[in-house]
Amino acid sequence: MELKGKKIVLGLSGGVACYKAAELCRALTRVGAEVHVVMTEAAGHFITAVTMQALSGNTVFNDQWDSRVANNMAHIDLTRGADAILIAPCSADFMRKLAHGVCDDLLSTLCLARPRQLPLLIAPAMNVEMWQNPATARNARQLRADGICIFGPAAGEQACGETGLGRMLEPEDLLEELVASFQPKVLAGKRVLITAGPTFEAIDPVRGITNLSSGKMGYAIARAAREAGADVQLVSGPTALPTPHGVRRTNVQSAQQMHDAVMAAVGGQHIFIGVAAVADWRVVNASEQKMKKHDGETPSLQFEQNADILASVAATTSLSGWPYCVGFAAESENLVEYGAVKREKKGIPLLVGNIGHHTFGQDENTIVLFDDHGHTVLPKADKLTLARQLVSEIAKRLEQRSLLK
Ligand code: CTP
C-alpha cells in the first residue's frame, strides 16, 4: 500500500494516452491512494467520465460551472488537503496553459490556484514533432523552472504511426515516479553503482553453475537509490526482474563479466553497493561444445578463483575516498561475529549482513549493518522498505564523513 492515505488529483487533458490514464487510476487506487479525477473537455473525447468515476470510486469533475458544487469552488476545494496533482496525459496545449498561467477551464484553474507547496507533476503525451517543437521545449523549460516535475515522455512507436519521443510513460512507470516523488532526496547528485542477482559460470554452452539469488534485494536498492535522487547504474546477473524505472542496467552472466563491467563503470561513482551473489570459482576446463555422455565416464570439473569485485573496487578508493563501498554477506550462523570480520577483511566502511541463505528469493528480509561503530539490526520488513532504510543509513554516513573532513 505504497500510497495509503495519499490524496491524488489525477488530471486528464486531451490525448489518445487517456486510455492509459484508466490503467493508471486503477494502479493508484490499488496501492491505497484516494484518487480524484478532473478532466478537460478534450479528454472527454478520448475517455468517458463514467469510466474514470468507476475506477477512482469518486465523482469526476470536468466543468468549472458544475451545478453539483454548491459554492462553485471546485477549483479550490479539490486541491486542499491533496498530496499531489498528476496530469496524465498532459497535452502540448495543456503544457502551454501551465507555462503561461492560463486558467480557462476547471483543470487549468485548479492548477493555478494550487497551494504553493502542493507538488504538480505532469506526464506529457504527444506526437514526436509536437514534443520536439521549440515552442513545446520552451514551455517545458519554463515548467521545470517553475518547479513543475515532468515525467518522461518515453520514446517509441506512437498512436499516429510515427516513432520517437512523446509517448506517455506506462502506468506502472508513472506509479513508480509518483511514489518516488514522496521519498526524501537524500542522495541527490550522487552516482551509485550496484551489482545484483546471481552469476552464471558456464560448464559448456548449455550448462552452468549458478545460485539461488533472485536479485530482488539489489533491484530494490537500485530503486530506492533512484527514488532518493541518485543516478543509478545496475550491473545485473541473470534475473527475470524488470529494471526499476530510470535505472540504467548492464546485463552480465559470469563473475568475470560482472567484474569487467563494474571496473569499466566505477570511475566517478560516489557509492558502490555489491549485492550480487558472485560465484567464488569459475570452471577452467569448460567445454566449447556441448559435453556428451559416454558410458562409464563422469566428467570432472576444475576450478579457479574469481576476482573479488567488491575488494577490487574498495582498493580503488584509497586516494579520493570514493566510491563509498557497501558489501553484503549471507551467513548461516554467527552473523554478528562473521559480519564484523568480513567487513575488515574486505576493507569496506559498511557491510550488510543477511541472516541465513533462506533470504534468497523471499520478499522480506532482516538485515544487520556493520560499521566502525559496531552493528545495528534493521528488523524484518519487505525488501523495498529495507532498501530505503539502507539508502538513508548510507546517506547519513556520507554526511557524517563530509562533516568530519
Ligand atoms: N563479492 C564480490 N566478488 C566476489 C565475491 C563476493 O564482489 N567474487 C561481494 C558480494 O557482492 C558481496 C560480498 O562480496 O557484497 C559477499 O561476500 P561473500 O561471498 O559472502 O564473502 P566471501 O568473501 O566470499 O566469504 P565466504 O564465502 O567465505 O563467506
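- Checking S236 against Y219 by side-chain atom types alone, a donor-acceptor pair falls below 3.5 Å.
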Would D308 and K346 satisfy salt bridge (Lys or Arg N to Asp or Glu O under 4.0 Å), going step by step from the backbone distance to the final call? CA-CA 9 Å; D308 187 318; K346 299 251 182 189; 2.8 Å; yes
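- Between V278 and I309 there is a side-chain heavy-atom pair separated by less than 4.5 Å.
- In this structure, CG on L24 lies 6.0 Å from CG on L86, to the nearest 0.5 angstrom.
- In this pair, H270 and W322 present their aromatic rings perpendicular. The plane angle is above 60°, beyond the 30 to 60° band.
- Between the N62 side chain and the T40 main chain, no donor and acceptor come within less than 3.5 Å of each other.
- Side-chain N or O atoms of T239 include none that pairs as donor or acceptor with a backbone N or O of G197 at under 3.5 Å.
- A salt bridge links D93 with R96: at least one charged nitrogen is closer than 4.0 Å to a carboxylate oxygen.
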Go through the steps for R397 and D371 under the test salt bridge (Lys or Arg N to Asp or Glu O under 4.0 Å), then give the verdict. CA-CA 10 Å; R397 284 164 176 77; D371 67 7; 2.9 Å; yes
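- Between R249 and T243, the side chains place a donor N or O and an acceptor N or O closer than 3.5 Å (distance only, hydrogens not considered).
- When atom types are taken as modelled, the side chain of R30 and the backbone of M1 share no donor-acceptor pair closer than 3.5 angstrom.
- Both the sub-6.0 Å distance and the 45° axial angle are not jointly satisfied by R343 relative to the ring of Y338.
- Closest heavy-atom contact between M39 and T48: CE-C, 4.2 Å.
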Run the numbers on E34 and K6 for salt bridge (Lys or Arg N to Asp or Glu O under 4.0 Å), then give the verdict. CA-CA 6 Å; E34 177 189 327; K6 297 271 190 247; over 6 Å; no
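- Residues A159 and V16 approach most closely at CB-CG1, 3.7 Å, considering heavy atoms.
- Rounded to the nearest 0.5 angstrom, N127 CG and S91 OG are separated by 13.0 Å.
- Here CZ of R191 is found 10.5 Å from CD1 of I271. Values are rounded to the nearest 0.5 Å.
- Crowding of E41 atom CD: a count of heavy atoms from other residues, nucleotides or ligands under 6.0 Å not exceeding 12.
- Expressed to the nearest 0.5 Å, how far CG of L175 lies from CD of E2 amounts to 7.5 Å.
- One distance of note links CG of L10 with OG1 of T29; it measures 10.5 Å at 0.5 Å rounding.
- Looking at heavy atoms from C-beta onward, V368 lies out of side-chain contact with V352 at the 4.5 angstrom threshold.
- At a threshold of 4.5 Å between non-hydrogen side-chain atoms, the residues F94 and M126 do not count as touching.
- Here the side chains of D280 and N306 are not in contact, with every heavy-atom distance at 4.5 Å or above.
- Two residues are said to be in side-chain contact when any heavy atoms from C-beta on lie closer than 4.5 Å; V186 and I394 fail this criterion.
- Under a 3.5 Å cut-off, the side chain of T109 and the backbone N or O of H75 do not form any donor-acceptor pair.
- In this structure, W131 and G166 approach most closely via the heavy-atom pair CB-CA, 4.4 Å.
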Show, in sequence, the C-alpha distance, side-chain angles and deciding distance for F370 and L350, and conclude whether the side chain to side chain contact (heavy atoms under 4.5 Å, CB included) test is met. CA-CA 6 Å; F370 296 89; L350 183 63; 5.9 Å; no
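- Under the 3.5 Å distance criterion, with hydrogens and angles disregarded, no donor-acceptor pair is assigned to the side chains of T136 and N133.
- A distance-only check finds a donor-acceptor pair linking the side chain of R167 to the backbone of E157 [under 3.5 Å].
- Closest of all the heavy-atom pairs between A220 and L384 is O-CD1, 3.8 Å.
- When every heavy atom of I47 is checked against every heavy atom of C18, the shortest pair comes out as CD1-O, 3.6 Å.
- Taking the charged nitrogens against the carboxylate oxygens, K342 and E337 have no contact shorter than 4.0 Å, which rules out a salt bridge.
- Atom CD of E304 sits in a crowded spot, with more than 12 heavy atoms from other residues, nucleotides or ligands closer than 6.0 Å.
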Verify side chain to side chain contact (heavy atoms under 4.5 Å, CB included) between L98 and L120, making sure each step is shown before the conclusion. CA-CA 10 Å; L98 291 176; L120 174 55; 4.1 Å; yes
Yes or no on side chain to side chain contact (heavy atoms under 4.5 Å, CB included) for L106 and D63, after CA distance, side-chain angles and deciding distance? CA-CA 6 Å; L106 177 60; D63 181 5; over 6 Å; no
Quick one, K185 with E227, criterion salt bridge (Lys or Arg N to Asp or Glu O under 4.0 Å). Give me CA distance, side-chain angles, the key distance, then yes/no. CA-CA 7 Å; K185 303 297 167 213; E227 286 179 341; over 6 Å; no
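- Judged by distance alone, with hydrogens and angles left aside, the side-chain atoms of K7 form a donor-acceptor pair with the main-chain N or O of R80 at under 3.5 Å.
- Between the CG atom in N139 and the CG atom in D146 there is a gap of 10.5 Å [rounded to 0.5 Å].
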Verdict with supporting geometry, D105 and K97, side chain to side chain contact (heavy atoms under 4.5 Å, CB included): CA-CA 10 Å; D105 62 7; K97 287 190 188 186; 3.4 Å; yes
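- The heavy-atom pair separating V37 from C25 by the smallest distance is CG2-SG, 4.3 Å.
- Checking side-chain atoms of Q53 against main-chain N and O of V60 turns up a donor-acceptor pair under 3.5 Å.
- In this structure, Q257 contributes its side chain and Q253 its backbone to a donor-acceptor pair below 3.5 Å.
- Side-chain atoms of P89 and L12, non-hydrogen and from C-beta on, do get closer than 4.5 Å to each other.
- Distance alone, capped at 3.5 Å, is enough to place a donor-acceptor pair between the E176 side chain and the H245 backbone.
- Put simply, the side chain of F272 does not reach to within 4.5 Å of the side chain of I348, judged on heavy atoms.
- Residues N365 and N354 have side chains that bring a donor and an acceptor to within less than 3.5 angstrom of each other.
- Judged purely by atom type and a 3.5 angstrom limit, T210 uses its side chain to pair as donor or acceptor with the backbone of T199.
- Here the side chains of R388 and R223 are in contact, with some heavy-atom distance below 4.5 Å.
- Taking a cutoff of 4.0 Å between a charged side-chain nitrogen and a carboxylate oxygen, E393 and K396 qualify as a salt bridge.
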